[in-house]
Amino acid sequence: QVQLVESGGGLVQAGGSLRLSCAASGRGFRINKMGWYRQAPGKQRELVATITSGRSTNYADSVEGRFTISRDNAKNTVFLQMNSLKPEDTAVYYCNADYAHFATGSFTTYWGQGTQVTVSS
């Protein structure tokens, strides 16, 4: 029943802003780290930002100071506020969450389907 639902992607002009959200559904789990990754055409998937349950954050150098990651632990939702967007930010953005499953004690990483962010000049 695990599902990551993303929203907020779209087309925006350079210098504009977008806010992405990702809600992790399901029961019987606990999430430690959530994050955002992106993949542009012809490039490897790369880390954008991560955040732990304690709200410790990590950012890629390319987005530091422009993007802000946050989360609502009660709702298992992670957000990515993207400001001062550049054309090079254009990519498919993927939500990521590390689950700890109570029933099995195992850990699993889940991914969203991705949402397109396009920044025009």
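Positions are given from 1 along the sequence. Note that the structure is predicted; figures quoted are calculated from it, not measured.
Transitive grouping of hydrophobic side chains (ILVMFWY, heavy atoms separated by less than 4.5 Å) keeps Phe102 and Val2 in distinct clusters. Tyr94 and Leu47 fall within a single hydrophobic cluster, where Ile, Leu, Val, Met, Phe, Trp and Tyr are joined by side-chain heavy atoms under 4.5 Å apart, directly or via other members. By the rule that hydrophobic residues join a cluster once side-chain heavy atoms approach within less than 4.5 Å of another member, Leu80 and Val117 end up as members of one cluster. Neither Val92 nor Leu85 shares a network with the other; the hydrophobic side chains, linked directly or stepwise wherever heavy atoms of I, L, V, M, F, W or Y lie under 4.5 Å apart, form separate groups for each. In this structure, Phe67 is a member of the same hydrophobic cluster as Leu18, with clusters built from ILVMFWY side-chain heavy atoms closer than 4.5 Å.
Nearest approach of Ala14 to Ser121, heavy atoms of both residues: CB-CA, 4.3 Å. Thr115 and Gly9 make their closest contact through OG1-CA, 3.5 Å (heavy atoms, listed as atom of the first residue, atom of the second, distance). The minimum heavy-atom distance linking Ser70 with Ile51 is given by the pair CA-CD1, 3.8 Å. Closest of all the heavy-atom pairs between Gln3 and Tyr99 is O-OH, 4.3 Å. In plain terms, the two heavy atoms of Lys43 and Gln39 that are nearest each other are O-NE2, 3.2 Å.
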Would you check, one step at a time, whether the test ring-ring contact (aromatic ring centres under 6.0 Å, His included) holds for Tyr37 with Trp111?
-> CA-CA 10 Å; Tyr37 292 71; Trp111 295 84; 5.0 Å; yes

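Within the cation-pi definition used here (under 6.0 Å to the ring centroid, within 45° of the axis), Arg71 does not qualify as a partner of Phe79.
Side-chain contact between Met34 and Thr50 is absent, with no heavy-atom pair separated by less than 4.5 Å. Considering only heavy atoms from C-beta on, Arg66 comes within 4.5 Å of Lys86 through its side chain. Met82 has its side chain out of reach of Val12: every pair of non-hydrogen atoms, C-beta onward, lies at least 4.5 Å apart.
The local environment of CZ in Arg27 is sparse, with at most 12 non-hydrogen atoms from other residues, nucleotides or ligands closer than 6.0 Å. Around CD of Gln113, the count of heavy atoms belonging to other residues, nucleotides or ligands within 6.0 Å does not exceed 12. Annotation: Phe107, atom CZ; neighbour count of heavy atoms from other residues, nucleotides and ligands within 6.0 Å does not exceed 12. Dense packing is recorded around CZ of Arg19, with more than 12 heavy atoms of other residues, nucleotides or ligands lying under 6.0 Å away. Annotation for Glu88: atom CD counts as buried by contact number, over 12 foreign heavy atoms lying within 6.0 Å.
A distance-only check finds a donor-acceptor pair linking the side chain of Thr90 to the backbone of Val119 [under 3.5 Å]. A distance-only check finds a donor-acceptor pair linking the side chain of Glu6 to the backbone of Cys95 [under 3.5 Å]. The backbone N or O of Ala60 sits nowhere less than 3.5 Å from a side-chain atom of Ser62 that would complete a donor-acceptor pair. Within the 3.5 Å criterion, the main-chain N or O of Ile69 finds a donor-acceptor partner in the side chain of Tyr59.
When only modelled atom types and interatomic distance are considered, Asp98 and Thr109 share a side-chain donor-acceptor pair under 3.5 Å. Checked by atom type, the side-chain pair Ser17/Asn83 shows a donor-acceptor distance below 3.5 Å.
Distance SG/Cys22 to OH/Tyr110: 13.5 Å, rounded to 0.5 Å. To the nearest 0.5 Å, atoms OG (Ser84) and CG (Asp89) are separated by 9.5 Å. With values rounded to the nearest 0.5 angstrom, Asn96 atom CG is found 8.0 Å from Leu4 atom CG. Here OG of Ser21 is found 11.0 Å from NZ of Lys75. Values are rounded to the nearest 0.5 Å.
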